[in-house]
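Encoded as structure tokens, the structure appears first; notes follow it.
Within every chain, numbering begins at 1; the chains are lettered A, B, ... in the order of the sequence lines, protein sequences first and strands thereafter.
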2 protein chains.
Amino acid sequence: MQAGRLSWKDVREAIHEWILSGRYGPGDKLPRDADIAVELACARSTVQRAMQDLSDSGIVERRRKGGTRVRQDPVVRATLDIPITRREIEDRGGLYDYRLIERSFGKPPRAVRIAMNLSDAPDMLRIEALHLCDGRPYIFEDRWVCTTTAPNILKVDLSRDSANEWLVRNAPYTRFEVKFFALNADQRTAELMATTPRSALLAIERTTWLDDRPITHVTAIAAPGYRLLSRS
Amino acid sequence: MQAGRLSWKDVREAIHEWILSGRYGPGDKLPRDADIAVELACARSTVQRAMQDLSDSGIVERRRKGGTRVRQDPVVRATLDIPITRREIEDRGGLYDYRLIERSFGKPPRAVRIAMNLSDAPDMLRIEALHLCDGRPYIFEDRWVCTTTAPNILKVDLSRDSANEWLVRNAPYTRFEVKFFALNADQRTAELMATTPRSALLAIERTTWLDDRPITHVTAIAAPGYRLLSRS
DNA sequence: ACTCATAATAAGTAGCTACTTATTATGTCA
DNA sequence: TGACATAATAAGTAGCTACTTATTATGAGT
């Protein structure tokens, strides 16, 4: 960085500081980008970048002509990375193992059709599989794959390669939806996860689409003690 | 937009399309920004913006001199907005109500000190409160507030105003950490949440800091059926 | 071969100009 | 007074130049 120049991150911090210090409180209107640029002696484009970042972080709200104001009701905006399960386990230093439990065809249940936003219900590939960390159940996945959108999955030997990994690598999506919730283990899930019935388990439900055609819907149920983490 | 010109979003979509179509697969190196600019007949700065966005979405990885490559192990990067609880309930069309259960002082338990990254344990403000939606328990929060970092909270009448709201508005943070996990309701929690013991509940644990001083640590336990949602 | 300085490279950043677009304010006419 | 066209405004975008920085490749000297 050239000496004396402010980077857009410096500008972001300066403006954030104004907000933290109360110079501009929730709901207050900030000066126009151009005026801030003059005050801080930098280019408007630098202020623009800084403001865009503050806007992305949910700290300010920007509207054309309306200007920039500090958000009334700040939100905590958390970014979560959900990696491939094998990767996640290996990154924790665990030994990954995978077991296919079921592979079949059929009509998905109503809940899955609703999640996929489908009215009619074509037959889909259904996969149940278990991901293990150091030999212990880690994540159980119950998946439906739309074979019209991702026909190549039919050629994959799912007893060797997990659908999780294959899809992420071979069926890129343009849109997705994720839900997190807690559920009590039923008899079967408890057995699969080597825990007791009614144990609280974290479920991560994901649906992906390629444009408007659904690719897959998966309910990933994590072992007891599983924690999803997001920083900064 | 001036006719014939490509916006950076167009460029992003064009590059994304190259990846979706397999022209560039996982691990492959993409051309330099400058060459893409020539190919698409736009400015390098436009490619830069598009690439930055693809990088933020976890689709490509960029390194100075190393160039840009398609990520080997794509991650699902989900962005969650966690609003003020009152706001969340009102946005769903529910009637918000709030009840303070306990306000006291004391040393936080070890788990809280660890989460806050503190070795010694000063006395902190402890708050237990219930947020209700249409008269039914919605979220129970168990909170510790570091009164050296946020002393003004001592002046607040917490039986009227929730610490959740006051802190979000008056104690801006520079850093935070969020954890999601499932837990079985214990006897007391079950009573508070009007559910049965051992019910699976989603817990959202949040810690915020102002620079390196912890502000607050809260465990928010949501009622059965609660779902956290993230789109796109 | 091996180390280390140097060059080359590709992304990142800052500044400028010019134009576009969404939105709000205004002022005219019925 | 109200509806509606018009002007003004502030952010958003595109293009250009120039420079910086991190990283990799190279090549000289031991």
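The pair A:R169-B:D73 meets the salt-bridge criterion, since a charged nitrogen lies less than 4.0 angstrom from a carboxylate oxygen.
The CD-C1' distance, from A:E61 to D:dA10, rounds to 16 Å in whole Å. Look at CZ on A:R64: it is 10 Å from C1' on C:dT23, rounded to the nearest Å. A straight line from NZ of B:K29 to P of C:dA10 spans 6 Å, rounded to a whole angstrom. Distance B:D53 CG to C:dA11 P: 16 Å, rounded to the nearest Å. Atoms CG (A:D10) and P (D:dT20) sit 16 Å apart, rounded to a whole Å. Protein atom CG of B:D56 is 14 Å distant from nucleotide atom C1' of C:dA11, rounded to whole Å. Rounded to whole Å, atom C1' of C:dT23 lies 13 Å from atom CZ of A:R69. As a whole-Å value, the separation of B:L6 CG from C:dT20 P is 16 Å.
When distances are taken from the side chain of A:R62 to each of D:dG12, C:dA11, C:dA22, the shortest belongs to D:dG12. In the set D:dA10, D:dC16, C:dA10, the nucleotide with an atom closest to the side chain of B:K65 is C:dA10. The side chain of A:R44 lies closest to D:dG12, out of D:dG12, C:dG15, D:dA10. The nucleotide whose nearest atom lies closest to any side-chain atom of A:W8 is, among C:dT13, D:dG15, C:dA10, C:dT13. Comparing C:dT13, C:dA22, D:dT24 by their closest approach to the side chain of B:Q48 singles out C:dT13.
For B:T68, no side-chain nitrogen or oxygen approaches OP1 or OP2 of C:dA10 to under 4.0 Å. Distances shorter than 4.0 Å separate none of the side-chain N or O atoms of A:S45 from OP1 or OP2 on C:dC16. Considering only side-chain N and O atoms, B:R63 lies nowhere under 4.0 angstrom from the phosphate OP1 or OP2 of C:dA11. Checking the phosphate oxygens (OP1, OP2) of C:dA11, no side-chain nitrogen or oxygen of B:R32 falls inside 4.0 Å.
For the pairing with B:Y173, the side-chain contact (heavy atoms from CB on, under 4.5 Å) check across B:L210, B:I215, B:V168 returns one residue only, B:I215.
Rounding to the nearest 0.5 Å gives a distance of 4.5 Å between CG of B:D211 and OG1 of B:T174.
Each of A:T46 and B:D33 lies near DNA chain C, and the nucleotide nearest B:D33 is the one positioned closer to the 5' end.
B:Q72 and A:R87 share no donor-acceptor pair across their side chains, judged by distance under 3.5 Å alone.
Checked by atom type and distance alone, the side chain of B:R69 never pairs as donor or acceptor with a backbone atom of B:E61 at under 3.5 Å.
For C:dG12, its base never sits under 3.5 Å from the side chain of A:R49 at any donor and acceptor pair.
Using a 4.0 Å heavy-atom cutoff across all strands shown, A:G66 reaches no nucleic acid atom at all.
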